[in-house]
Each structure stands twice: as structure tokens, then as C-alpha cells.
Asks: 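This is the structure I have questions about; it appears just below.
In what follows, chains carry the letters A, B, and so on, assigned in the order in which the sequence lines appear, proteins first and then strands, with residues in each chain numbered from 1. These values consider heavy atoms only, across backbone and side chains, with no hydrogens, waters or symmetry-generated copies.
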Amino acid sequence: MSSIYYLTDLQQTYNGRRVLDIDRLEIGRGEALAVLGPSGAGKSTLLRLLNFLERPSGGTLTFDGRAVADEWPLEQRRRVTTVFQRPALLHRSVVANLTYGLRLRGKKLAAAERDAWLDRLGLAHLAGQSAPRLSAGEAQRVALARALVLQPDVLLLDEPSANLDPYNIGLIERLVAEARRRDDPAATGMTIVWVTHDIFQARRVADRVAFLLNGRLVEEADAATFFTAPATPQAEAFLRGELVYEEKMLQ
Amino acid sequence: METLIDGLREALRLITGFDPALLEVVGLTLRVTGGALLLATLIGLPLGAALGLRNRIPAGGCVLPIIYTGMGLPPVVVGLFVYLLLSNRGPLGGLEWLFTPTAMIVAQTIIALPLIVGLTLTALRSIDPTVKLQVRSLGATRAQLAWTMMLEARLGVLAAVIAAFGGIISEVGAVMLVGGNIEGQTRVLTTAIVLETRRGNFALALALGIILLGLAFAANYLFHRLSDE
Ligand SMILES: Nc1ncnc2c1ncn2[C@@H]1O[C@H](COP(=O)(O)OP(=O)(O)OP(=O)(O)O)[C@@H](O)[C@H]1O
Ligand SMILES: [Mg+2]
């Protein structure tokens, strides 16, 4: 099966400082890749590149067989979406937030489907509520559903359940798992790239792990292998919960 | 104290009596200020949006201080500038706008414009950057992004319009200079107040002042209702 993303020498530099430098990374269609690494490793930067929100300063990013240098075509951008750590809901009602991405595409959410979503989110009683008044957990559920109703080919998750309670963490993991499963078995499912600080969460949700350190891809392995027999001392130290920090940053 | 009560009584009499001279002054005030506000909004919102939505404003180091200075421009200086432009020997003298309501609208538009641009721009720039990223990530085109951000900043945008309205309806220096306070032609509430005060008609001046306040309140009440979610 061909991969959906190919990254070659992909680099991102801010104000002359290189914060990401990935020699090679493939992300397979329908796989769930966890991206691990200490704070500042470049995980969010990687997701912004995968979502075509920024132009890389070097290297190539191939998506679905196409490497586009300049502006990404809209059709292509719309196959990928991100849920950020902060829900970033609009100052509108819960339902208006839920359907926002669809309306951008000139589509609507059928009333029955909308109600089903609200039920699954446990938000049926808050449908008309102004979104900024939601609790953190409720807001993040809306943000996730807003992405899932688009049925993207790729769902990028940037620590979506950091700072949430176990109930909401469980709900979010379940919603993502269901979204992957609900897909027609003939088609390849949704590809997930999940940035998390929670090693246990990565174990629960990921097929494969990419471990970043100081902007570099230090290790990439099957989840089972990575968690039981990490190949690099850095990954091993990270899994032990030691602060992984190299004095020498990337030049 | 007596003057105050007289003023109130006079105001009541003028308003309830639909005094034609008063109606004319009020009508012109609304036409000039409304026209200027409309023009400044039509030009200022897109301009403020274009500047506020950029990550980096071209020559921002100069543009922003210029706009912010414009927000505090003394109206009388604007009036002088417009006067010189429109006077017989000025570059736009041929238009023969001086001492007409058009000249007053031009002057008030110039006063209102930096307020609308500056406050719209500030409202847009104070939106959490993650929201912008999120909206793009959800598949917005440039135009959709701009529209969504304007809606997100709607309270700030409305505040910009309110501030501009307050700035020009109460303004006297510019309309006096370029309008000339000609009875029946370019006399508005503020210039009428100046005149009546000079003439010693304190009650009438006060009555006009009360009507001006009433108008400002009514307009602000309307804006407030608009911003109520
Ligand atoms: N727009 C930007 N401008 C300048 N520097 C940036 C920008 N975005 C990120 N950086 C820098 O790039 C580095 C990597 O940031 P990034 O947000 O990708 O890290 P991260 O792995 O997601 O960290 P965390 O786990 O704390 O979220 C950091 O040093 C950060 O300060
Ligand atoms: Mg991050």
C-alpha cells in the first residue's frame, strides 16, 4: 500500500533557527501514527506542515503522490484537518461550530445526523448554547466532532486531550477510534497523526510511533517495538520519563 | 440652575412642537454624520480588514503610527486641510463644494476613517492566532477566512463604528470651517449651539445640546442592541 505522505529532507526554519529537520518519513494510508517527543521538539511544527498551513523552508512534502511547491490546491487542503490542543471554537452556537467546516464546503449536515452527533458528544442539551461558554472538555469534544464530520482523509491531532479529565480523554479516544472504524471496509480508513505527551495514550491509540528530538526524527518504529524495545538511548530515556534534553541544538 | 430648567423646558417645547428650523438642523446633522459614517465604514472596514488579517503589515512600522495618529487628529486641523483643498484657489476648488454639506461630509469622513481602520485592525489582530490557524485548517479559502475573522471580531468592529460616530456627531471645528454654519444650508447641531451660546440664548443652546445628546444616545442604544448576542 502506498503511503499518503512522503517527507524528504523536510525543514522548517524560524528567524534563522532550524526547528525541524526530518531526513525521511513515510506515513501510511489509514495508519495511526503517534508523534512523541519533549516540548519544543517540533511536533506542532510538523503538523502545521502536514496540514499545509505553512510553507517548509526546505525539502519536499509529498501528499497522495503529489509534491506541490507553491500554493496547495484547495481540494487537497480540504482532505486534511487538525484538532489543536486549545479547541479554538468560534463565537457561535455549538451547532454552528459543528457544521462550520461543512458550510465552508457548501455542504449541510442533515438534521438526523446532527442530532446523532450531539448525542454521541453528550451535548444534545447544549446545541444552541454559545460555544465560548462550554467547559474545556465539552469544547474539545465539539472541536473534534467539527473535524470528524468532514470525514477527512487525514486527521491531525495536536495533544487534543492534554489537560482533560479521564472521562473526556476516554471519550475523545473512542470518537477517533469509531471514526476510523466506521469507514467503508473497502476503502482505506482515516489516517491519524496524533501528537501526545502521554505515553500510555500513544500505546492505546497508535500503530506506529515517530519520536522527535530537537527537530530531528530520532526513531521510528512499530508501536509494539517502540514501547518494549526502543532502539535509541534517547527514546529509552524518554520512555523512562527522563527529561530528554540535548544542550547542542540543531544548527 | 434656572437656565438649566429653562433649557429643558425649551427643548421639550421645540421637540414636541416639531419646530421646522430645528428639524432642518437635526436633519442636516443626521445627513452629514450618517453620510460620513457610511462612507468611512465602506472604505474603512475593508482597509482595516486587509491590514488586520496580514501576519505582517507592509511598512507596518510607519503605517500603524500614522493610523494611530489619525485616530487623534484634531477635527479643526482636518477642517483647515479640507478648506484649503476646496477653496477657490485650492486643487479641488472647481468642485465648488466649500460651504456645502458635501464639504462637511468629506471632512467628517476623514476624521472617522482612521478610527474605523485603526480599531478594526486592532480587533482583528487581537483574535487568538490559533483560531486563524484552525479556520484555515478546516478548509477556508482566503475570502472565507477574512469573513469568519470579521465575524469573530464583530464586537470590536462595531465598537469602531460607534467610536467614529461619537467622534463626528459631536465635532464642531471641521464642520464650522468647511460648512460655514449658514442658516438653512450648513447649520448643524454643534454649530448652532456655538452660535446660540454666543448670542446669549442659553436656553436654546442647551435645548440643542440636549437634543444632540438624545440623538447620540439613541444611536448608541441601537448599536448596543445590534451587538447584543
Ligand atoms: N511561528 C513560530 N515562530 C518562531 N518560532 C517558532 C514558531 N513556531 C514554533 N517555533 C519554535 O519552534 C520550536 C518547536 O516548536 P513546536 O511548537 O513545534 O514544538 P512542540 O514539539 O510542539 O512542543 P510542545 O510539546 O511544547 O507543544 C520551538 O522552539 C518554538 O519556539
Ligand atoms: Mg506543540
Side-chain angles (χ1 to χ4, degrees), chain A residues 44-45 47-54 71-93 96-107 128-133 139 142-158 160, chain B residues 45-46 48-50 52-61 64 116 119-163 222-229:
Chain A
S44 299
T45 305
L47 290 199
R48 285 195 299 276
L49 292 175
L50 295 180
N51 200 170
F52 323 117
L53 295 172
E54 290 177 359
E71 195 84 347
W72 292 85
L74 184 64
E75 314 311 314
Q76 186 158 327
R77 273 207 297 129
R78 286 184 169 172
R79 293 172 58 190
V80 183
T81 191
T82 306
V83 177
F84 295 92
Q85 178 174 353
R86 261 180 302 151
L89 296 182
L90 301 173
H91 288 74
R92 305 177 183 190
S93 72
N97 271 280
L98 183 65
T99 56
Y100 176 74
L102 288 172
R103 270 182 291 122
L104 290 179
R105 291 156 174 76
K107 292 182 187 163
Q129 169 101 322
S130 168
R133 294 207 192 103
V142 174
L144 178 62
R146 174 174 65 179
L148 290 177
V149 294
L150 301 175
Q151 298 187 302
D153 290 340
V154 181
L155 177 66
L156 306 169
L157 300 166
D158 196 349
Chain B
L45 284 194
L53 285 170
R54 286 175 176 265
N55 293 331
R56 222 180 268 152
I57 296 176
L64 290 187
I116 293 190
L119 293 176
T120 300
L121 173 148
T122 309
L124 283 168
R125 280 161 71 98
S126 59
I127 296 176
D128 179 355
T130 312
V131 171
K132 198 169 154 187
L133 216 53
Q134 176 73 80
V135 166
R136 286 174 58 213
S137 163
L138 287 165
T141 62
R142 268 167 191 275
Q144 288 174 326
L145 174 71
W147 179 239
T148 300
M149 289 300 107
M150 286 299 272
L151 286 182
E152 280 300 286
R154 57 190 179 268
L155 285 185
V157 171
L158 200 66
V161 177
I162 291 172
L222 194 83
F223 284 136
H224 173 72
R225 292 301 298 266
L226 276 177
S227 71
D228 234 15
E229 314 236 327

Asks: Testing the basics here: between L148(A) and L155(A), what is the closest heavy-atom pair and its distance to 0.1 Å?
Replies: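 Nearest pair, atom of L148(A) first, then L155(A): CD2-CD2, 3.8 Å.
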Asks: Would one find more than 12 heavy atoms of other residues, nucleotides or ligands at under 6.0 Å from atom CZ of R54(B)?
Replies: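 Incorrect, the count does not exceed 12.
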Asks: Go through the atoms of F52(A) and report whether side chain, backbone, both or neither lie under 4.5 Å from a heavy atom of chain B.
Replies: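 Only the backbone of F52(A) comes within 4.5 Å of chain B.
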Asks: In terms of heavy-atom pairs under 4.5 Å, which option from A140(B), S137(B), G139(B) contacts chain A the most?
Replies: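 Ranked by contacts with chain A, first place is S137(B).
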Asks: Just by modelled atom types, is the L53(B) backbone N or O under 3.5 Å from a matching donor or acceptor in the K132(B) side chain?
Replies: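 It does hold such a pair.
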Asks: I'd like to know if the side chain of R78(A) reaches the main chain of L150(A), judged simply by a donor and an acceptor atom lying under 3.5 Å from each other, with no hydrogens or angles considered.
Replies: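 Looks like no, no N/O pair under 3.5 Å.
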Asks: In terms of heavy-atom pairs under 4.5 Å, which option from V135(B), L133(B), V131(B), D128(B) contacts chain A the most?
Replies: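 Max contact count across the listed options: L133(B).
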Asks: Verify side chain to side chain contact (heavy atoms under 4.5 Å, CB included) between R125(B) and L64(B), making sure each step is shown before the conclusion.
Replies: CA-CA 12 Å; R125(B) 280 161 71 98; L64(B) 290 187; 4.2 Å; yes
Asks: Between R86(A), R48(A), Q85(A), which residue shows the highest count of heavy-atom pairs closer than 4.5 Å to chain B?
Replies: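 Heavy-atom pairs under 4.5 Å are most numerous for R86(A).
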Asks: Determine the minimum heavy-atom distance between T81(A) and A147(A), stating which atoms define it.
Replies: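 Shortest heavy-atom contact: CG2-CB, 3.7 Å.
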Asks: At a heavy-atom separation under 4.5 Å, does I127(B) approach chain A through its side chain, its backbone, both, or neither?
Replies: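 For I127(B), there is no contact with chain A at all, as no heavy atom is under 4.5 Å.
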Asks: What part of L74(A) gets closer than 4.5 Å to chain B, counting heavy atoms only: side chain, backbone, both or neither?
Replies: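 Just the side chain, heavy atoms under 4.5 Å.
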Asks: Counting only non-hydrogen atoms closer than 4.5 Å, does L53(A) touch chain B with its backbone (N, CA, C, O), its side chain (CB onward), both, or neither?
Replies: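 Both backbone and side chain.
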